[in-house]
Amino acid sequence: MPQTQQNAPRVRTRFPPSPTGALHLGGARTALFNWLFARHHGGDFIFRLEDTDRERSKDEHVDSIIQAMEWLGLDWDEGPHYQSRRFDRYRQAIDQMVARGRAYWCHCPPERLQGVREKALAQGGKPMYDGCCRDLGPGPAPGAVVRFRGPREGHTGWKDLVKGPISFDNAELDDLVILRSDGSPTYHLAVVVDDVDMAITHVIRGDDHVSNTPRQILLYQALDSPIPQFGHVPMILGGDKTKLSKRHGATAVIAYKDMGYLPEAMLNALARLGWSHGDQEVFSRQELIDHFGLEAVGKGAAVFDPDKLLHLNAHWIQHSPPQRLAAALPPFLAARGVERFDEATLLAAIPHLVPRTKTLLELAEWAEPYLVDEVVMEPQAAAKFLTAAQAPVLERVAAMVERLGVAESAALEAGFKDLAGDLGIKLGGVAQPVRVALTGRTASPGIFEVMVILGQARTLARLGRALKMATSAG
RNA sequence: GUCCCCAUCGUCUAGCCAGGUCCAGGACACCGGCCUUUCACGCCGGCGACACGGGUUCGAAUCCCGUUGGGGACGCCA
């Protein structure tokens, strides 16, 4: 459903994380929105790594971010581009601005800057650079930086795609550093040059960037470059309404993969955080692409709700083909010590397990009894249901299975009811000991379903073993 | 402190732009019930919000102003 107008430039968005940590929920949502916007409009999604901070940028973070993007299925059309490889280009842009008087060298030592800020703050103003070197006109020197020469009057504004019109008084903006004393460009300069060179048409980012936007717009103008459209999406907050951080539990998206979440659930949850489409709650990847638009993004910050993610995960697990689930399960099974198992058995069991499962972790837990040779008896369950008093039940059920097999569920159920009647107990009185015998637990899918998946031989073997435990239990 | 942004159930939100059909709808969570061989799924029901104060108007969740509250930014981090 591309809606690109003939004369409008092709939509190009980008996701530019700085590799100083893992991809967290907020970053993932920003990536998602950019990706959705590009896909919806049939445009391009560019992936870029903002690693101009050589101290904090790490290769391992690059790898983990890419891993998270791939897990979510956010594929990019170009990149990853690395800012660290484009320093010459930035330097060229800076030199050009200096040559044209749009930027100037500044020799102010850090201590002086510090003092200027403190003084401004003390006087009730904003801590800004006072423009000391602005008209002094010193040239380059070791330890000097280059600052952008911003206008002191007028105002700079734009029509934000999610927030509406926003405007800043230029007097509120100080002359920001664009070249560090070590010769590297700063963030503001690098993003603008990159977005210009990469022909980005829409900058969709967290609203912690709104106050950066006027300065960047000024930079575009100084570079005589077209200004992209901006859309600032509200931030994601933790349960205590403060900026999401490690304190709020798992914030790295990739951690959710290991906790047994499906990427479609994560995508669904992230999209609904801030964006909506009427009352619809569940969206497939394609539906997200079809319906996504910045005009439907809310303006207020949102709190991430783990319960809702869990609910969505349960939904997507229930709506996944068994094969897909089986393919994702081995790591979770292995974590439980189940390395080798019969795949057909797993596939047969999954449909019965899925309604009581919210994560792949739980699915592996439910699946275990079907896949191991000898079930692990939960002590509490055995103590309650595998007693001498229940031995006759197990004995007679075994005889029944011997005679009828496991395929005749209706006949077995009738047999169970007769047995319960004979013994003067409820149906549960028969079913529970059998359940524990077959699965080692007090909770499982329907007991006749379990038997079918186990097959007659294994059902009988487990009944036999349980009978031994029961008779010797006293 | 200064500037910018925001404000509907505990949480995510619909409604707001084009005021009445909203004593505000959906979802998650929670509570109760039904179903039932266990645990779930499912179904039914319940609890629960327009931050406050002014104004405009016949009429405001919706428009305007103010207050309060919250968030963000103010780096040679991004």
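Every chain is numbered from 1, with letters handed out A, B, ... down the list of sequences. If you're wondering where the values come from, they're calculated on a predicted model, not measured in any experiment.
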Against the side chain of A/Q432, the closest entry in B/C3, B/U37, B/G26 is B/U37
Has the side chain of A/K308 got a donor or acceptor atom sitting under 3.5 Å from an opposite partner on the base of B/A27? yes
So which one's nearest nucleotide on RNA chain B is more toward 5', A/D207 or A/K299? A/K299
Distance alone, cut at 3.5 Å: any donor-acceptor contact between the side chains of A/T30 and A/R205? no
In A/D194, A/D195, A/N34, the residue satisfying side chain to side chain donor-acceptor pair (under 3.5 Å) with A/R14 is A/D195
Is A/D279 side chain donor-acceptor paired with the B/G25 base, going by distance under 3.5 Å alone? yes
Distance-only donor-acceptor test, A/R356 side-chain atoms vs B/C41 base atoms, 3.5 Å: no
Looking at A/R441, does any N or O in its side chain come under 4.0 Å of the phosphate oxygens OP1/OP2 on B/C39? no
Given atom CZ of A/F448 and atom P of B/U37, what is their separation to the nearest angstrom? 9 Å
Could you tell me whether the side chains of A/E153 and A/N170 share a donor-acceptor contact shorter than 3.5 Å? no
Is A/E50 reaching over with its side chain to a backbone N or O of A/Y187, donor-acceptor style, under 3.5 angstrom? no
Between the base of B/C76 and the side chain of A/S181, is there a donor-acceptor distance below 3.5 Å? yes
Paired nucleotide for B/U68 [Watson-Crick or G-U wobble; both distances under 3.5 Å]: B/A7
Quick check on B/C12: is either OP1 or OP2 less than 4.0 Å from any side-chain nitrogen or oxygen of A/S276? no
Has A/R215 got a side-chain N or O lying under 4.0 Å from the OP1 or OP2 atom of B/A78? no
Which one is paired to B/U38, where only Watson-Crick or G-U wobble pairs with both distances under 3.5 angstrom count? none
Both distances under 3.5 Å, Watson-Crick or G-U wobble: report the partner of B/C74, or none. B/G1
Pairwise P distance for B/G53 and B/C5, with rounding to whole Å: 25 Å
